[in-house]
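I have placed the structure first, in the form of structure tokens, so that the comments after it can refer back to it.
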Amino acid sequence: MAKELIRLVDCCMAFDDELVLDHINLYFNDSEFLTLLGPSGCGKTTTLRIIGGFTTPTSGEVLFDGVRMNDIPPHLRQVNTVFQRYALFPHLNVFENVAFGLRIPRTVEENGKKSKKKLPEKEIRQRVLEMLEIVSLKGFENRRISELSGGQQQRVAIARALVNRPKVLLLDEPLAALDLRLRKDMQSELKRIQQQLGITFIYVTHDQEEALAMSDTIVVMDQGKIQQIGTPEDIYNEPKNAFVADFIGESNILDGIMHQDYVVEFFNRKFKCLDKGFQPMEPVDVVIRPEDVDIVPVEKGQLRGTVTAVTFKGVHYDTIVDFKGFKWLIQTTDYHEVGKEIGIVLNPDDIHIMHKSQYSGMFGDYSSYSEEYDEINDPTYIEEEDGNLGGRGDEE
Amino acid sequence: MKGKNRFGRRLSMALVFLFLYAPIFVLMVFSFNDSSSRTVWQGFTFDWYKELFQDSIILNSLYTTLLVALLSSAIATVAGTFAAIGFYNMKRRWRTPLLTINNIPMTNADIVTGVSMCLFFVAAFGAWNAFAQQFNADHVAQLPTLAMGFGTLLIAHITFNIPYVILSVSPKLRQMDKNLVEAAQDLGCTWMQAFFKVVLPEIKPGVVNGMLIAFTMSVDDFVISYFTAGPATSTLAMTIYGMTKKRISPKINAVSTLLFVTVLLLLVVVNVREVRQERAKKHPARQQEKNPRGKKFLLAGAAAAVILLLILSNQSDQRVVNVCGWGENIEPSLIEEFEKETGIKVNYQTAESNEAMYSKVVMGGSGYDVVVPSDYMVSQMRQEGLLAKLNFDNIPNYELIDDTYKNLSFDPDNQYAVPYTWGTLGIIYNTTMVDEPITSWSALFDPKYAGQVLMINNPRDAIGVALLYLGYSVNTHDEGEIQEAYELLRQAKAEGVYQSFVMDEVYDKMEAGEAAIAVYYAGDFLSMYDNNPDLAYVVPEEGSNWFVDAMCVLEDAAHKEEAEAWINFICQTQSCLANMDYIWYASPNGKALEEYPAYYKELYGEEMAPDLYEVMAAPADVLARCEAYDALPPEVNAIYKNLWTELGIKDG
């Protein structure tokens, strides 16, 4: 089992009587790539800022290696941060930006005596160049920050944080300002760096795809609460509630009744499934992933519906099908024209059952399909409000 | 088309620069003019610069100005920068109203700021001094008493400078990435380290700009300084303004030129440095190694400034006397001589008119010991109990004052005032522009000289000469007579006799031959004559005003003994001679009056023209037909004021 580094115990955060973090309990392991995932205002950036030391929780404890750190200022924590808009120092060149942390004299205790110590210039130079090589910016030492592209600035920010050899690197939506292509490249780049250096990354994003691609562990958050913790596979395949199911990938979520173990009823029909442990006749949410649905000729279908919209997506078609007034999203490689009646077949492992939650009934209906889809996939959409929560209050 | 357009643009730019710099250029040129004229070029000279460096009054005020500007801009920059950061970290709903409040002092009229600060200091110091007196009486430990001076001046300047710094720094902060501080802290900086390593370089342009603005505002300020400087301190602006009672000396051109060139050089240095840094950044290598020598140099400079300040302020035990005179109305070397002789430090301030001096004294807290009011003001102040009876045991030289200048109406029993200078009011005319020598006030009302006459721009003198022409007394209380005099003036004005009503401009106009006739003072005629020998002066046959400025000690003076020592020193024949030579006003010291032509000859190696000497020191027969001004009762003053307003000239 991996070693635990940081633990948040019952952390709450309130701004002006508004509860932003609601009793968060969470631990972070050594060498782990952990992602805090959630929509704007879910509390993920606040959680990050608490770990970074930029804000103090209203109640609860922050433990590093079991030691309470609540009131330790940022410069005394073995944690470094990559900020959303990089926050590079414009008056310094690339080399000096990266060397910044190394040039700060540190208090060192030797034989009980405290003294300020500066790193020798030679070591600074060596470490900076080494780090620039890791982030593929060799030869850029003397460039000014304003002469760099967004991706290059991003790399400088990462190098600047990592050169201090932190135990934990905090990343606050670091890729949000990059275009789609660059984002994909940087995702694998970040993962490579993390594995190469073997340190803990705590990564904040609202982009579920990013989270799934990079993380060892994903923490899904909403309304200041942790909704689910798990590996990307767990989260995708076994969402705990309608919120997670909807936020991670696409889901059709239906009302159902669990008759007994392995039998669920929806649309007045009983289906076999793989879930058990529910009360007899318990109302549940049923999740069906759009790519799991097989479309068959009407007469062979367990359910039948009418195609109301089709969008070509490259690999597949997003097909919206109306089942008795409830619209499903189905992803198929075959084209079915609008107005056509089709049948579908659901295998037991295509059906996932969840307990009812506060989110039941809020998601999983594709009647207002287009808008929701757009928002989630818009690469230029940058989460704004979340970053404000700590300390500052507002923006200009 | 295009070419024409470009030409137009260039022309307009040239015009803008012309408007901006032509006045300064003229000023610089005339600082080298071999004459005191502001219009006539009479050859190149460094004399004004030489004189400047001998004039301790101007040099002292220049020094005060620069010290206040440097200290106040430095302190305001530090305070304002941190205040701006405070504002920046505030929530908007607090910040916006607070920033507005911060901006109000800038839009506030200086006069309001100045007066309110003066009142505040007077009230606060009054309360403190009362407490300190009480305390010192009861305890062994002694609390100091406070008075307005350099400290209050500095506080005032810091106060009005801070908003400018905040205004200049705030936008730079807002432009800054707000995560920068956190990033620096994240990388191991304390807040202070983050401020110096990251925030300061980012907002530096705003800080430097704010400091330059603060420096300029401080050098610029007159009104606020005027009310907060106290009796012992005087800025350059105050000194220059104090000169307007007489003519502004071209030494001011010289000092302004030096200031302008200094600031220009400073800006050039700053700009060159910036360009170099830019270049260094572009062609880097490892230029980041900061220049530690520069830093040390700065630190040493700051330390030196502080030590200098401490030395300067550590003069509390010294005996002082605070004198309020007029600009260019004393030979500056006399001050040094007196200080050397007695060890008493002289703080010499200037006022621009009797009325300004009076209102400052009445307001309280002026702190002056010696004032030099004119005759009518002496009697007004005496009647109001503002003057102290002099102890003539301390002024043995009083016996040198000729009896002609004793027992005058403003001080009938010779108790309160010692005459300082005297002179006459008369007609100055350009002999090449009139047909025959002028002998009567009638020339001022004669349509023959339409557009050629400069009437003096103050009611007492203007209505006074009309009264004289009509054969009345200048001190009449009879409304009918005054009305008659006014009517004379009004009619002449309506007929276009007067080119304009002037005070200070009379010098330039008469010297340049722009007007034929003017009403002005004898001593000032001499300085015009120096630049234009075609001018002549006459005390008209109807008689005129003769005036005496006299040294008095204020009732609430803190240094009465020193004040009397000063008066005694000024009464010496040698002092009077030097003063006469410098200001060209006659001295009441009989011996000095007699000896002056010989003194002149020894000094300049040529005889003084007897007629010029007679202009300066009017002979007995001329004085016999002259009359001194008495203080007028308020109701007569009101008549003067109303008539003057009716005449359509604002009383300056």
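We name chains A, B, ... by the order of the sequence lines, and we start the count at 1 in each one. All values below were derived from every heavy atom in this structure, side-chain atoms included, with hydrogens, water molecules and symmetry-related copies excluded.
In this structure, the portions of A184(B) lying under 4.5 Å from any heavy atom of chain A include both its backbone and its side chain. For L170(A), no part lies under 4.5 angstrom from a heavy atom of chain B. Proximity to chain B is absent for every atom of R77(A), based on heavy atoms less than 4.5 angstrom apart. Contacts between N164(A) and chain B at a heavy-atom distance below 4.5 Å involve the side chain alone, from C-beta outward.
Between Q193(B) and P105(A) there is a side-chain heavy-atom pair separated by less than 4.5 Å. Taking the side chain as every heavy atom from C-beta outward, Q185(B) and L76(A) never approach each other to under 4.5 Å. E182(B) has its side chain within reach of R49(A): a pair of non-hydrogen atoms, C-beta onward, lies under 4.5 Å apart. Proximity of N179(B) to R85(A): side-chain heavy atoms (C-beta onward) are nowhere separated by under 4.5 Å. Taking 4.5 Å as the limit, every side-chain heavy atom of E202(B) sits out of range of all side-chain heavy atoms of F89(A). Side-chain contact check for P73(A) versus W191(B): every heavy-atom pair is 4.5 Å or farther apart.
The number of heavy atoms from other shown groups lying within 6.0 Å of CD (Q78(A)) does not exceed 12. By the neighbour-count criterion of 12 heavy atoms within 6.0 Å, atom CH2 of W94(B) is sparsely surrounded, having that number or fewer from other residues, nucleotides or ligands. For CZ of F120(B), the number of neighbouring non-hydrogen atoms (other residues, nucleotides, ligands) closer than 6.0 Å is 12 at most. In the displayed structure, E18(A) atom CD is contacted under 6.0 Å by at most 12 heavy atoms of other residues, nucleotides or ligands.
Contacts with chain B were tallied for A87(A), P166(A), A157(A), G101(A); A87(A) has the most, counting heavy-atom pairs under 4.5 Å.
Tested against P90(A) for a side chain to side chain contact (heavy atoms under 4.5 Å, CB included), the candidates V198(B), D177(B), L180(B) yield a single pass: L180(B).
Although no hydrogens or angles enter the test, the distance criterion places no donor-acceptor pair under 3.5 Å between the side chain of D186(B) and the main chain of H75(A).
I104(A) and G188(B) get closest at one heavy-atom pair: CG2-O, 3.4 Å.
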* Step-by-step side-chain contact (heavy atoms from CB on, under 4.5 Å) determination, K91(B) to D16(A) -> CA-CA 12 Å; K91(B) 297 208 166 166; D16(A) 302 332; 3.8 Å; yes

